[in-house]
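What follows is a single structure, written as structure tokens, with notes after it.
Only heavy atoms go into these numbers, but all of them, side chains included; no hydrogens, no water, no symmetry mates. Numbering starts at 1 and runs along the sequence shown.
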Amino acid sequence: MGDSIINFDLDVFPEVACVPACPNELRPYVGKKFHSLDEGIVSIEGLKVGIEMDEMHAQEGFITKRRRTSKRCECRARISLKYVFEAGFLGLGEVHRRFIWDCTKANIGPTMTFKFLNEFLGGYDTVGITVAELRNYVQGLKTYVEGSDAQMLLDEMARKKKACPDFTYHYQLGSSKELKALFWCDAISKRNYQLYGDVVSFDSTYNTNRYCMIFSPFTGKDNHGKPVTFGAALLSNETIESYSWLFKHFLESMGQAPKMIVTDQDRGMRAAIRDVLVDTKHRWCMWHIMLKLTDKIPRRCLENEELKKEISACVWSEVLEPEEFEDSWMGIMERYELLHVEWFVTMFGDREMWVPAYFRDFPMGSLIRTTSVSESENSFYKTFTRPRSNLVEFIMNFDHALAAQRNSSSKLDYMDSTIIPPFSSQLVLEKHAATKYTDHMFKRVQREIVDALHHCSTDGLLKDDVLEISTIKDKYSKSWVVTYTTSEDSYSCSCKLFGREGILCSHIFLVFKNRFLKVIPDKYFHVRWLKTALADAIRGPARCLTDPELLSDPNQQSKNKVADIFFSYMKKFDADSAIIDLFSAGIDELGKSLMTRIHEPSSGDKDKPVKDFYFAEKPAVVRVQPPSVVSTKGSKSDSKSRLVSAKEKAIKLNSKPLRQCKKCGEFGHHDSRNCGRQKGK
């Protein structure tokens with residue numbers, strides 16, 4: 001049934017206000033964001049129920065005073081959803097100011113009016129689509145690529161490779177020509193790996209596509225301390241063979257292995273890393289191990305908080321040498337009678353895989369100690385993807401997420417080049433540090449400088465022709481030895497902070513101050529923490545600083561030209577708000593006039609909106625079949641995979657967004673199938 005807009009006759013019937021009484025979680029407003037299209041539709045449908053219920057109540061009071069009519073009308077607001085690129089959410093767009101009526105249900109005169117939109121939806125005026133139209137469009141997207149999304153994905157990879165030879169992808173097929181594994185990385189990812197790929201975090205995540213293929217990105221930290229993606233893969237299983245295949249192609253694409261890789265305790269990963277990344281130091285995630293502590297200690301020790309504190313202080317400390325750690329650990333085991341508890345015996349045997357004491361002498365050994373940087377990035381990618389995405393949608397969403405990550409990094413680069421940070425001292429050393437380090441790392445170095453000035457003192461000094469040895473006492477009354485070698489003009493401290501994190505410690509800064517140094521020697525600026533422009537000058541210019549696919553797209557080139565024109569005028573009009581208002585009105589008027597030239601697709605090309613969405617046509621020949629839906633219940637390797645503790649499961653559950661139960665109406669982590677049981681818990 002078509003929609004018809006009714007002219008309201010206010011002289012015949014008075015105005016009636018009807019504002020649906022629905023939970024705040026469902027109440028729409030302009031700018032509201034959803035994690036997925038399905039979530040947006042559910043929210044709108046919940047609103048629809050609220051409207052219908054309040055409409056019935058309005059009728060009861062209205063019909064007793066007015067003549068019943070033979071027409072049945074349903075009040076319905078039009079709402080539009082739009083994709084918000086910057087945040088990766090679907091946002092609630094503008095809402096119709098006018099009411100649209102379907103004469104099918106309510107016994108209300110067609111001249112009745114409501115104040116609903118002005119009071120409840122903010123009174124915006126635009127054209128939207130109904131929920132049914134939205135569902136039909138989504139179904140059309142799924143149907144269009146059914147059975148061919150794997151081929152379309154590989155065709156997209158080939159297009160990117162043609163546009164930029166530095167783009168790399170590898171894939172593996174199963175016995176039935178179905179996609180089994182895929183790895184890809186672009187030129188910018190390779191460039192970032194050259195700068196920041198000394199330490200890599202690797203972790204797998206699920207629920208990113210309809211086939212349950214395991215999404216496995218390689219992640220590091222950039223010069224702002226933010227996650228940076230070096231490459232990504234989709235795998236059908238977690239066997240040793242799958243990981244070996246992936247690591248081989250990662251190594252081949254990057255040209256060199258990372259110095260250290262951090263993973264969880266998956267045995268398949270461990271075997272593959274040992275076989276392929278032979279020169280790479282493998283480290284286990286400390287957080288996953290320590291999370292199991294309360295599950296592994298005997299019941300008699302569960303309430304002993306001192307035991308937990310002692311173990312945490314021993315394990316997490318980065319100032320203990322291996323011998324000191326071992327003495328401390330064994331002392332704890334003896335005091336609390338844990339020497340024969342199997343888990344503690346096993347973890348002590350594997351201590352070189354996870355305890356910081358064994359990474360004190362490893363370059364940048366403290367940069368990444370857990371897979372939290374990977375899990376944070378995986379969570380970030382999940383805001384752009386959804387479990388039922390086909391492979392073409394997945395790669396589109398991945399590209400959007402990657403662009404958002406790089407855009408955030410560019411903003412930080414811009415801030416580094418334009419903003420002068422506040423200083424905490426009069427030392428020229430501090431001002432010199434601000435010109436070199438990114439803002440993130442400067443704040444870290446600044447704390448060391450402040451500690452050197454206010455919390456450290458010289459406790460002793462020995463000199464000869466070769467060495468100058470200073471004993472520095474810190475704010476915890478612990479003594480450290482700073483050695484200055486005159487022949488090499490070099491400094492070293494027994495705390496080993498520079499080796500572990502790439503920045504100088506407060507103890508060395510105090511020696512600098514005592515020796516009246518005005519600038520930090522160049523050798524103590526680790527290249528990974530320099531401002532991007534300085535790092536590029538040292539490493540050499542990148543071959544592809546702009547996405548090469550965009551450069552070859554005429555449509556994108558036109559968009560870039562429009563953006564350049566817009567921002568150039570905005571810069572010229574920056575000081576005159578009146579001119580900016582006129583400029584804005586002129587752009588709006590031009591846009592409205594151009595909208596009249598846009599026509600609906602002809603009946604002969606009914607798939608055009610779908611093609612425009614995917615930026616590609618369905619292939620005539622499908623050589624690669626979509627993957628089978630795979631099981632993601634853990635590693636299928638011969639060895640046992642890492643077990644997840646009850647505490648870890650609870651943490652992951654609490655991190656998920658709340659949803660409304662249709663049975664009880666409450667928002668939580670249950671649904672109508674397990675409502676009573678979950679609430680009973």
Relative to the ring of H249, is the ring of H170 parallel (under 30°), tilted (30 to 60°) or perpendicular (over 60°)? parallel

Should H432 and T435 be marked as a side chain to side chain contact (heavy atoms under 4.5 Å, CB included) after you check the CA-CA gap, both sets of side-chain angles, and the distance that decides it? CA-CA 5 Å; H432 183 226; T435 65; 3.9 Å; yes

Under 4.0 Å between a Lys/Arg side-chain N and an Asp/Glu carboxylate O for R447 and D451? no

Do you know which two heavy atoms are closest between P227 and T219, and how far apart they sit? CB-CG2, 4.0 Å

How about W184 and L234: do any of their side-chain heavy atoms sit closer than 4.5 Å? yes

If you define the side chain from C-beta out and look only at heavy atoms, does anything of T532 sit under 4.5 Å from D416? no

In terms of heavy-atom contacts, does NZ of K162 have more than 12 from other residues, nucleotides or ligands at under 6.0 Å? no

Check whether any side-chain N or O of E178 sits under 3.5 Å from a backbone N or O of S176 as a donor-acceptor pair, and report yes or no. yes

With P258 as reference, evaluate F230, F218, Y193 under the side chain to side chain contact (heavy atoms under 4.5 Å, CB included) test and give the passing residue. Y193

Contacts satisfying side-chain hydrogen bond (donor to acceptor under 3.5 Å, both in side chains) that involve residues 354-366 (not counting sequence neighbours) are E318-S366, E321-R360, E326-Y358, R351-Y358, D361-K496, S366-R500

Taking all non-hydrogen atoms of both residues into account, name the closest pair between N223 and W529 and its distance. O-CE3, 3.7 Å

Ignoring hydrogens and angles, tell me if any N or O in the side chain of S312 forms a donor-acceptor pair with the backbone of K309 under 3.5 Å. no

Okay, side chain of T280, backbone of A257: is any donor-acceptor separation there less than 3.5 Å? no

G365 and M260 have their tightest heavy-atom pair at O-CE, 4.0 Å

Would you check if the side chain of S494 reaches a backbone N or O of V481 as a donor-acceptor pair within less than 3.5 Å? yes

Working to the nearest 0.5 Å, report the span between CD of Q172 and CG of L246. 10.5 Å

Looking at OG of S204 and CE of M213, how far apart are the two atoms once the value is rounded to the nearest 0.5 Å? 12.0 Å

Please confirm whether the backbone N or O of V262 pairs with a side-chain atom of R283, one donor and one acceptor, at under 3.5 Å? no

So, is the end of the K160 side chain (NZ or CZ) under 6.0 Å from the ring centre of Y169 and within 45° of the ring's axis? no

In terms of ring plane angle, is the pair F512 and Y491 parallel, tilted or perpendicular, where the classes change at 30° and 60°? perpendicular

Side chains of S242 and N237: donor-acceptor distance under 3.5 Å anywhere? yes

Closest non-hydrogen contact found for L412 with K226 is CD1-CG, 4.0 Å

With side chains defined as the heavy atoms from C-beta onward, is the minimum distance between L153 and F394 less than 4.5 Å? no

Would Y243 and F202 satisfy side chain to side chain contact (heavy atoms under 4.5 Å, CB included), going step by step from the backbone distance to the final call? CA-CA 11 Å; Y243 285 129; F202 179 76; 3.7 Å; yes

Run the salt-bridge test on D166 and K190 with the 4.0 Å N-O cut-off and return the result as yes or no. no

Taken in chain and number order and not counting sequence neighbours, the residues that satisfy side-chain contact (heavy atoms from CB on, under 4.5 Å) with A433 are Y437, F442, V445, I520

Within 45° cone of W245 ring axis and under 6.0 Å: K248 NZ or CZ: no

Hey, what's the ring geometry for W284 with H282, parallel, tilted or perpendicular (30° and 60° as the breaks)? perpendicular

Point-to-point distance, once rounded to the nearest 0.5 Å, from CZ of F344 to CG of L293: 5.0 Å

When you measure from the side chain of E334 to the backbone N and O of G331, does any donor-acceptor pair fall under 3.5 Å? no

Evaluate side chain to side chain contact (heavy atoms under 4.5 Å, CB included) for M441 paired with H526, printing each intermediate quantity in order. CA-CA 11 Å; M441 190 46 60; H526 199 290; over 6 Å; no

I need the minimum non-hydrogen distance between C185 and G231, along with the two atoms involved. CB-CA, 3.9 Å

Are D413 and H224 close enough, and set up right, to give a side-chain hydrogen bond (donor to acceptor under 3.5 Å, both in side chains), and what steps lead you there? CA-CA 9 Å; D413 288 342; H224 304 288; 2.7 Å; yes

Walk me through whether Y484 and V482 qualify under side chain to side chain contact (heavy atoms under 4.5 Å, CB included). CA-CA 7 Å; Y484 170 60; V482 176; 5.8 Å; no

Closest non-hydrogen atom pair between S506 and E448, with its separation: N-OE1, 2.8 Å

When you measure from the side chain of K161 to the backbone N and O of F167, does any donor-acceptor pair fall under 3.5 Å? yes

Please check: side-chain N/O of Q405 versus main-chain N/O of T229, any donor-acceptor pairing under 3.5 Å? yes

Measuring from M269:CE to D203:CG, what's the distance to the nearest 0.5 Å? 6.0 Å

Is the number of heavy atoms from other residues, nucleotides or ligands within 6.0 Å of NZ (K531) greater than 12? yes

Do C505 and F498 have side chains that get closer than 4.5 Å, going by heavy atoms? no

What do you reckon, is NZ of K308 surrounded by more than 12 foreign heavy atoms closer than 6.0 Å? yes

Is there a donor-acceptor pair closer than 3.5 Å between any side-chain N or O of S328 and the backbone N or O of E324? no

Do other residues, nucleotides or ligands put more than 12 heavy atoms under 6.0 Å from the CE atom of M415? no

Do R406 and S189 have side-chain N/O donor and acceptor atoms under 3.5 Å apart? yes

Could you give the distance from OG (S253) to CZ (F183), rounded to the nearest 0.5 Å? 4.5 Å

As an exercise, state the distance from CG of D222 to OG of S409, rounded to the nearest 0.5 Å. 5.0 Å

